[in-house]
Asker: 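Starting off with a structure, shown below.
Each chain gets a letter, A, B and so on, in the order its sequence line appears, and its residues count up from 1.
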Amino acid sequence: MASYAPAEIEARWQKAWDEAGLFRASRDESRPKYYVLEMFPYPSGRIHIGHVRNYTMGDVIARYKRSQGFNVLHPMGFDAFGMPAENAAMKSGGHPKTWTYQNIDDMVAQMKPMGFSLDWERMFATCDPEYYGQQQALFLDFLEAGLVYRKNAVVNWDPVDQTVLANEQVIDGRGWRSDAEVERRELTQWFFKISEYSGDLLDALQGLEEWPAKVRLMQENWIGRSRGLEFSFEQVDGGDSIPVYTTRPDTLMGASFVGISPDHPIVKGMESTNPKLAAAVAEMRKGGTTAEALEKAEKLGFDTGLRVKHPLDPNWELPVWVANFILMDYGTGAIFGCPAHDQRDLDFCRKYNLPVIDTFFALGDETPVAHEAFVPPKTEKVAWVNHFAGITEATGQEAIDATIDFAEQNGWGSGKTQYRLRDWGLSRQRYWGCPIPVVHCDTCGVVPEKKENLPIQLPDDVSFDIPGNPLDRHPSWRDCSCPKCGKPAKRETDTMDTFVDSSWYFARFTAPRASTPTDLADAGYWMNVDQYIGGVEHAILHLLYSRFFARGMIKTGHLPEKCAEPFNALFTQGMVTHAIYKNAERSDENGQAIYHFPEEVETREGGTFVKDTGEAIKVIPSAKMSKSKNNVVDPMDIIARFGADTARWFVLSDSPPERDVEWTASGAEAAHKHLTRVWNLCDRIAAMDEGTGDDGALRKDLHKTIHDVTMGIESFGFNAAIAKLYAFTNTLSKAKASKAMMREAIMTLAQLMAPMTPHLAEDIWNHQGGEGLCAAAPWPKADEALLVDDMVTLPIQINGKRRAEIEVPKDMPKPEIEALVLKQEAVVKALDGGEPKKLIVVPGRIVNVVL
RNA sequence: GCGGGCGUGAUGGAAUGGUAGACAUAUCGGACUUAAAAUCCGAAGGCCUUAGUGCCGUGUGGGUUCGAGUCCCACCGCCCGCACCA
């Protein structure tokens with residue numbers, strides 16, 4: 001046998017798997033199914049080492065489950081709509097479609113050599129009309145079911161590019177591309193009614209036991225349930241009353257103003273007649289809607305001149321202020337301000353000279369609030385000095401409950417559960433997305449497209465040389481006839497948020513060519529996803545939207561009831577990082593730091609230096625890979641140098657999968673060396689003559705390894721499983737045993753390695769005369785009887801410190817062990833003729849002598 | 001500010017409340033070689049006028065326990081998520 005040549009081996013076995021159709025999934029009710037899915041990639045054109053880690057983890061699970069007898073579905077596709085394609089078109093004049101499909105081809109060509117056990121026949125891209133047409137059908141069904149609606153919403157508007165910007169595209173209040181100051185503009189937009197499921201989406205998190213607690217918590221906070229009081233302030237001069245919502249109704253007696261959002265209907269009504277107010281409000285509306293922009297913004301207020309009556313005292317008048325920190329889309333868009341017990345309100349009141357009224361004090365400390373608001377703790381008793389219900393001492397929660405009861409009994413307010421979660425705006429003023437299948441007719445209004453007209457395809461003849469959405473200026477596409485009355489009408493030119501595309505692709509994979517969005521029989525068999533794997537950056541939006549979509553699809557009959565939670569288990573993997581080599585001695589002519597490629601530097605005594613110039617390098621370890629920092633490693637380079645198995649082995653080694661792993665050249669080389677060692681070992685065993693030795697000892701080690709590796713894979717402890725495989729390889733290479741036993745050991749080792757290094761495993765299997773393909777062989781089973789040693793080493797502790805050890809048969813009765821322990825020299829010495837206070841024997845584990 | 005997580009050798013990291021440091025990297029030593037690389041073998045937490053079945057040791061301080069890296073409390077440090085949410 002020649003030396004380890006991954007390039008040749010890997011191509012050969014990929015072809016063999018392909019020809020055997022091993023990874024093609026088909027419905028088979030007689031076998032248990034297993035659906036493993038990695039979050040599908042955006043087709044940037046290059047696979048990233050992070051993709052390799054993600055898909056390798058999924059592949060380990062897929063291959064492992066397959067060898068356990070499961071009917072495995074492991075598909076791959078592309079999340080192919082989105083802005084980068086349009087940006088590329090604007091920059092270099094191509095078409096988003098050609099750019100995207102070219103990238104997909106390139107990425108498939110890069111993924112295939114990795115040897116992932118994917119069912120490529122199910123592949124699709126979300127920009128395929130066959131996919132987005134079905135998405136349009138879903139949209140229409142959601143519309144009919146009341147899960148989609150239109151309303152006015154405030155958006156970030158880029159006046160130069162003539163487009164809506166996502167929050168991430170607003171940088172320091174300016175458009176990321178145009179650098180123009182972003183305006184807040186109100187547009188009519190489509191929304192998914194995700195808020196209909198707020199409570200359910202929150203409560204159901206409880207049942208997702210195989211999700212990381214962190215992700216569940218993030219979703220919980222995102223949905224944000226709170227319980228409070230809703231009531232209205234009557235205007236003194238009889239105008240519209242102002243409803244408010246508060247989670248701290250107990251502070252009502254400390255109210256000193258009513259605040260309303262700049263987008264509140266009352267403000268809108270006053271703007272035309274009150275130029276000063278209009279100017280103030282215009283100032284408040286400037287800047288983006290991002291959290292960041294809001295945080296930096298100074299608190300601004302303007303007295304509307306309106307006055308309202310305090311609900312508990314009709315003679316107590318409160319001023320109504322417009323305040324920029326009040327959000328129209330949370331609660332009612334109006335609050336009452338209680339400066340003494342809310343820091344934000346206090347800041348506002350100090351700025352505009354509004355009164356501060358103390359309502360609560362910490363017990364025994366009646367210092368009036370000055371610069372720091374006193375928030376009454378919910379679980380500790382506080383003094384209620386300014387009350388209405390005769391209670392003078394209560395916890396915050398008791399005070400809240402008492403106030404809600406009081407309001408409900410007196411009929412001026414009611415308790416209300418409020419969610420932070422807002423409806424999901426899906427309209428995007430972009431070309432490269434799924435067209436929203438509705439038509440605007442002067443006679444009939446908004447009319448849904450007829451299903452038989454789907455897909456509403458994107459036109460190909462568009463240009464990106466002028467800003468704005470090309471669909472808006474494409475008359476032959478835009479102009480159409482009304483599906484209802486037949487008169488001339490205009491197509492909706494907005495397209496859908498790309499999050500829509502990724503909110504149901506997992507369901508489509510179960511029947512990717514079906515003529516309806518899903519096939520209920522296929523979905524019923526394959527769903528739910530048993531194991532979903534991806535980056536934690538999708539912990540909130542993508543996963544929440546998918547959970548909503550699953551519910552919507554059940555409601556519209558596209559998924560069976562059991563699919564409300566489409567992902568049984570979720571795993572969020574860490575990044576692959578790489579050190580950054582920053583020149584410590586100089587910057588470039590523009591004063592920018594100089595970053596060196598790894599191959600330009602060397603580490604020697606005293607530090608790291610540039611090879612050519614000897615300049616000192618500052619090494620920043622474990623940084624996110626970034627082109628501008630010259631620390632990106634390309635998976636294709638690694639495959640060319642070491643092969644796919646090495647890349648797969650390395651990304652799983654050393655670090656637990658949920659944590660970041662640092663790519664190091666030495667680590668990758670070590671992985672490759674190890675695989676070579678295993679290969680050579682296989683060669684040596686094949687060349688052995690009969691040989692003799694302790695077969696029993698080797699078999700024991702082997703079965704312990706089977707057990708440990710199996711447990712490791714089951715629990716996502718890939719790094720630990722790999723460590724066991726290293727250890728067993730060391731054992732095997734030193735073992736003295738019969739050829740038959742050695743052969744059994746190397747073949748089992750190959751099987752255990754197969755999920756991680758499938759090509760090498762296949763080759764060893766074949767080389768040792770294994771039957772069929774290793775990838776199709778059943779997973780080895782550890783013999784329980786071999787997992788326990790006949791003789792065990794018992795450490796002996798004296799007062800919890802290890803002082804001696806004894807070698808005893810594993811089933812030696814306690815009294816005998818005790819007798820043996822007491823005879824130990826160290827124990828005799830420690831006892832010094834006395835009796836131990838206590839003698840603890842944990843069979844097979846440890847002995848502790850307490851003096 | 002709110003919520004969560006993590007602190008173990010030079011480094012990445014192991015360790016169902018039971019022998020801390022598995023496995024790997026880097027380092028050092030040896031074999032092979034004219035030499036180097038590759039390969040193989042080996043050493044390695046710290047401390048020491050006592051080199052020992054010695055003492056100390058998992059961020060710091062306390063607690064529970066026969067026994068704590070692991071559980072509880074407080075503190076320090078780092079990381080992540082959310083945040084003008086009424």
Asker: Roughly how far apart, to the nearest Å, are B:rG9 and B:rC73 at atom P?
Answerer: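 These two P atoms come out 25 Å apart once rounded.
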Asker: Look for any protein N or O under 3.5 Å of an N or O in nucleotides 51-55 of chain B and output each such pair with its distance, or none.
Answerer:
from   : atom 1 : to       : atom 2 : distance (Å)
B:rC55 : OP1    : A:Arg803 : NH2    : 3.2

Asker: Give the ring-plane orientation class for A:His674 versus A:Tyr726, where under 30° counts as parallel, over 60° as perpendicular and anything between as tilted.
Answerer: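 It falls in the tilted class, 30° to 60°.
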Asker: For A:Ile840, does its backbone N or O pair with a side-chain atom of A:Glu818 as donor and acceptor, under 3.5 Å?
Answerer: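 Side chain of A:Glu818 to backbone of A:Ile840: no pair is present.
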Asker: Pairs counted as Watson-Crick or G-U wobble with both distances under 3.5 Å: what dot-bracket string results for RNA chain B, using | for bases tied to another strand?
Answerer: (((((((..(((.....[....))).(((((.......))))).((((...).)))..(((((..]....))))))))))))....
Asker: With a non-hydrogen cut-off below 4.0 angstrom, is A:Lys837 in contact with a base, only sugar-phosphate, or nothing?
Answerer: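 No contact.
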Asker: Evaluate the ring planes of A:Phe718 and A:Phe716, with Trp represented by its six-membered ring, and classify them as parallel (under 30°), tilted (30 to 60°) or perpendicular (over 60°).
Answerer: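 Rings of A:Phe718 and A:Phe716: tilted, as their planes differ by 30° to 60°.
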Asker: For A:Arg350, is there an ion pair with A:Asp345 - N to carboxylate O distance below 4.0 angstrom?
Answerer: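 Salt bridge absent between A:Asp345 and A:Arg350.
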Asker: Starting from C1' on B:rU25, measure out to CH2 on A:Trp663 and report it in whole angstrom.
Answerer: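 Going from A:Trp663 (CH2) to B:rU25 (C1'), I get 14 Å.
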Asker: Could you list all the side chain to side chain donor-acceptor pair (under 3.5 Å) pairs where at least one residue sits in residues 703-716 of chain A, not counting sequence neighbours?
Answerer: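 Output for this query lists A:Tyr64-A:Glu714, A:Lys704-A:Asp789, A:Thr710-A:Trp779.
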Asker: Figure out the CZ/P separation between A:Arg344 and B:rA83, and round it to whole Å.
Answerer: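 Rounded to the whole Å, the gap is 15 Å.
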Asker: When rounded to the nearest Å, what value does the distance between P atoms of B:rC72 and B:rU64 take?
Answerer: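 Between the two P atoms, the distance is 15 Å.
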Asker: Using O4'-C1'-N9-C4 for purines and O4'-C1'-N1-C2 for pyrimidines, with syn meaning within 90° of 0, is B:rG29 syn or anti?
Answerer: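 With its glycosidic angle more than 90° from zero, B:rG29 counts as anti.
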Asker: For the residue pair A:Trp424 and A:Tyr545, is the inter-centroid distance of their aromatic rings smaller than 6.0 Å?
Answerer: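 When the ring centroids of A:Trp424 and A:Tyr545 are compared, they turn out to be within the sub-6.0 Å range.
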Asker: Kindly assign one of parallel, tilted or perpendicular to the pair A:Phe336 and A:Phe231, based on the angle between their ring planes and the thresholds 30° and 60°.
Answerer: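 The arrangement is tilted - the two ring planes meet at 30° to 60°.
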Asker: Rounding to the closest angstrom, what is the interatomic distance between B:rU8 and B:rG69 at atom C1'?
Answerer: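 Per the computed distance, 7 Å lies between those C1' atoms.
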Asker: Tell me, please, which residues at least two apart from A:Thr572 pass side chain to side chain contact (heavy atoms under 4.5 Å, CB included).
Answerer: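 Scan of A:Thr572 (side chain to side chain contact (heavy atoms under 4.5 Å, CB included), adjacent residues dropped) gives A:Pro212, A:Val215, A:Val536, A:Leu570.
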Asker: Any donor and acceptor pair, going by atom type alone, linking the side chain of A:Asn848 with main-chain N or O of A:Gly800 inside 3.5 Å?
Answerer: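 Yes; at least one donor-acceptor contact below 3.5 Å.
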Asker: Show the distances under 3.5 angstrom between N or O atoms of the protein and N or O atoms of nucleotides 9-16 of chain B.
Answerer:
from   : atom 1 : to       : atom 2 : distance (Å)
B:rG12 : O2'    : A:Ser655 : OG     : 3.4
B:rG12 : N2     : A:Asp654 : OD1    : 3.4
B:rA14 : OP1    : A:Asn719 : ND2    : 3.2
B:rU16 : O4     : A:Arg845 : NE     : 2.9
B:rU16 : O4     : A:Arg845 : NH2    : 3.4

Asker: Side chain of A:Arg422, heavy atoms from C-beta onward: which of B:rU19, B:rA24, B:rC85 has the nearest atom to it?
Answerer: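 From the listed options, B:rC85 comes nearest.
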Asker: Are the aromatic rings of A:Phe360 and A:His341 close, with centres under 6.0 Å apart?
Answerer: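 That pair passes the under 6.0 Å test.
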Asker: Measure CD/A:Glu372 against C1'/B:rG1 and give the value in whole Å, please.
Answerer: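 So the CD-C1' distance, A:Glu372 to B:rG1, works out to 11 Å.
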Asker: Tell me the closest heavy-atom pair linking A:Arg648 and A:Met756, and the distance in Å.
Answerer: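 Looks like NE-O, 2.8 Å.
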Asker: Roughly how far apart, to the nearest Å, are B:rG7 and B:rA20 at atom C1'?
Answerer: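 Taking atom C1' in both B:rG7 and B:rA20, they lie 16 Å apart.
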Asker: Rounded to whole angstrom units, what separation is found between the CG atom of A:Leu252 and the C1' atom of B:rA86?
Answerer: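 So the two atoms are 13 Å apart, to the nearest Å.
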Asker: For B:rG17 and B:rA68, measure between their C1' atoms and round to the nearest Å.
Answerer: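 So the two C1' atoms sit 7 Å from each other.
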Asker: In whole Å, what is the span from the NE2 atom of A:His674 to the C1' atom of B:rU39?
Answerer: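 The distance from NE2 of A:His674 to C1' of B:rU39 comes to 16 Å, rounded to the nearest Å.
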Asker: Nearest-Å distance, CH2 (A:Trp222) to C1' (B:rC80)?
Answerer: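 For the pair A:Trp222 CH2 and B:rC80 C1', the rounded distance is 15 Å.
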Asker: Should A:Tyr330 be listed as having a side-chain N or O under 4.0 Å from OP1 or OP2 of B:rA86?
Answerer: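 So the side-chain polar atoms of A:Tyr330 do come within 4.0 Å of the phosphate oxygens OP1 or OP2 of B:rA86, strictly under.
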Asker: Between B:rA83, B:rC23, B:rC84, which one does the side chain of A:Ala727 approach most closely?
Answerer: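 Out of B:rA83, B:rC23, B:rC84, the nucleotide with an atom closest to A:Ala727's side chain is B:rC23.
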Asker: Have a look at A:Ile326 and say if it touches a base, only the backbone sugar-phosphate, or nothing, with a 4.0 Å heavy-atom cut-off.
Answerer: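 If one applies the 4.0 Å heavy-atom cut-off, A:Ile326 turns out to touch a base.
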Asker: Report yes if at least one side-chain N or O of A:Arg225 is closer than 4.0 Å to OP1 or OP2 of B:rC85; otherwise report no.
Answerer: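 Negative; the distance criterion is not met.
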Asker: Looking only at atom P, what distance separates B:rA15 and B:rC6, rounded to whole Å?
Answerer: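 B:rA15 and B:rC6 have their P atoms separated by 14 Å.
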Asker: Does one side chain, of A:Ser195 or A:Asp423, offer a donor that lies under 3.5 Å from an acceptor on the other?
Answerer: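 Looking only at side-chain atoms, A:Asp423 and A:Ser195 do form a donor-acceptor pair, the distance falling under 3.5 Å.
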Asker: Aromatic rings A:Tyr352 and A:Phe348: how do their planes relate, parallel, tilted or perpendicular, breaks at 30° and 60°?
Answerer: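 Because their plane-to-plane angle lies in the 30° to 60° range, the rings of A:Tyr352 and A:Phe348 count as tilted.
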Asker: Ignoring hydrogens, what is the shortest heavy-atom contact between A:Leu749 and A:Leu732? Give both atom names and the distance.
Answerer: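 Looks like CD2-CD2, 4.3 Å.
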Asker: Would you measure the distance from the P atom in B:rG29 across to the matching atom in B:rC78 and give it in whole Å?
Answerer: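 So the two P atoms sit 39 Å from each other.
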Asker: Have A:Glu807 and A:Thr793 got a donor and an acceptor in their side chains that come within less than 3.5 Å?
Answerer: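 A:Glu807 vs A:Thr793: donor-acceptor pair found between side chains.
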Asker: Across the strands shown, which category fits A:Arg216 at heavy-atom distances under 4.0 angstrom: base, sugar-phosphate, nothing?
Answerer: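 A:Arg216: no heavy atom of the nucleic acid under 4.0 Å.
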Asker: What contact category does A:Asp347 fall into here, base, sugar-phosphate, or nothing, at under 4.0 angstrom with non-hydrogen atoms?
Answerer: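 Here A:Asp347 touches no strand at all.
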Asker: Taking any heavy-atom pair under 4.0 Å as a contact, classify A:Tyr245: base, sugar-phosphate, or nothing.
Answerer: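 Base, at least one base atom sits under 4.0 Å.
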Asker: Nearest heavy atom decides the nucleotide; on that basis, is A:Gly331 or A:Lys214 closer to the 5' end of RNA chain B?
Answerer: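 Counting from the 5' end, the first nearest nucleotide belongs to A:Lys214.
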Asker: Could you tell me whether A:Lys734 contacts a base, only the sugar-phosphate backbone, or nothing, with contacts defined as non-hydrogen atoms closer than 4.0 Å?
Answerer: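 Since only primed, P, OP1 and OP2 atoms lie under 4.0 Å of A:Lys734, the category is sugar-phosphate.
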Asker: Answer with yes or no after comparing the ring centroid distance for A:His672 and A:Phe650 against a 6.0 Å cut-off, counting only values under it.
Answerer: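 For A:His672 and A:Phe650, the ring centres are not under 6.0 Å apart.
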Asker: Return whichever of A:Phe325 or A:Thr664 has its heavy-atom-nearest nucleotide of RNA chain B closer to the 5' end.
Answerer: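 Nearer the 5' end of the strand: A:Thr664.
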Asker: Rounded to the Å, how far apart are A:Arg677 CZ and B:rA24 C1'?
Answerer: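 Value for this atom pair: 10 Å.
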Asker: From B:rC56, B:rA22, B:rG3, pick the nucleotide closest to the side chain of A:Ala723?
Answerer: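 So the side chain of A:Ala723 is nearest to B:rA22.
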Asker: Using the 3.5 Å cut-off, write out each protein N or O paired with an N or O of nucleotides 65-71 of chain B and the distance between them.
Answerer:
from   : atom 1 : to       : atom 2 : distance (Å)
B:rC66 : O2'    : A:Asn848 : ND2    : 3.1
B:rC66 : O2     : A:Asn848 : ND2    : 2.6

Asker: What distance, rounded to whole Å, do you find between the two P atoms, one in B:rU16 and one in B:rA10?
Answerer: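 Each nucleotide's P atom is 24 Å from the other's.
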Asker: Atom CG of A:Leu681 and atom P of B:rU39: how far apart are they, to the nearest Å?
Answerer: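 Going from A:Leu681 (CG) to B:rU39 (P), I get 15 Å.
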Asker: What are the two closest non-hydrogen atoms of A:Glu220 and A:Leu205, and how far apart are they?
Answerer: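 Nearest heavy atoms, A:Glu220 then A:Leu205: N-CD1, 3.7 Å.
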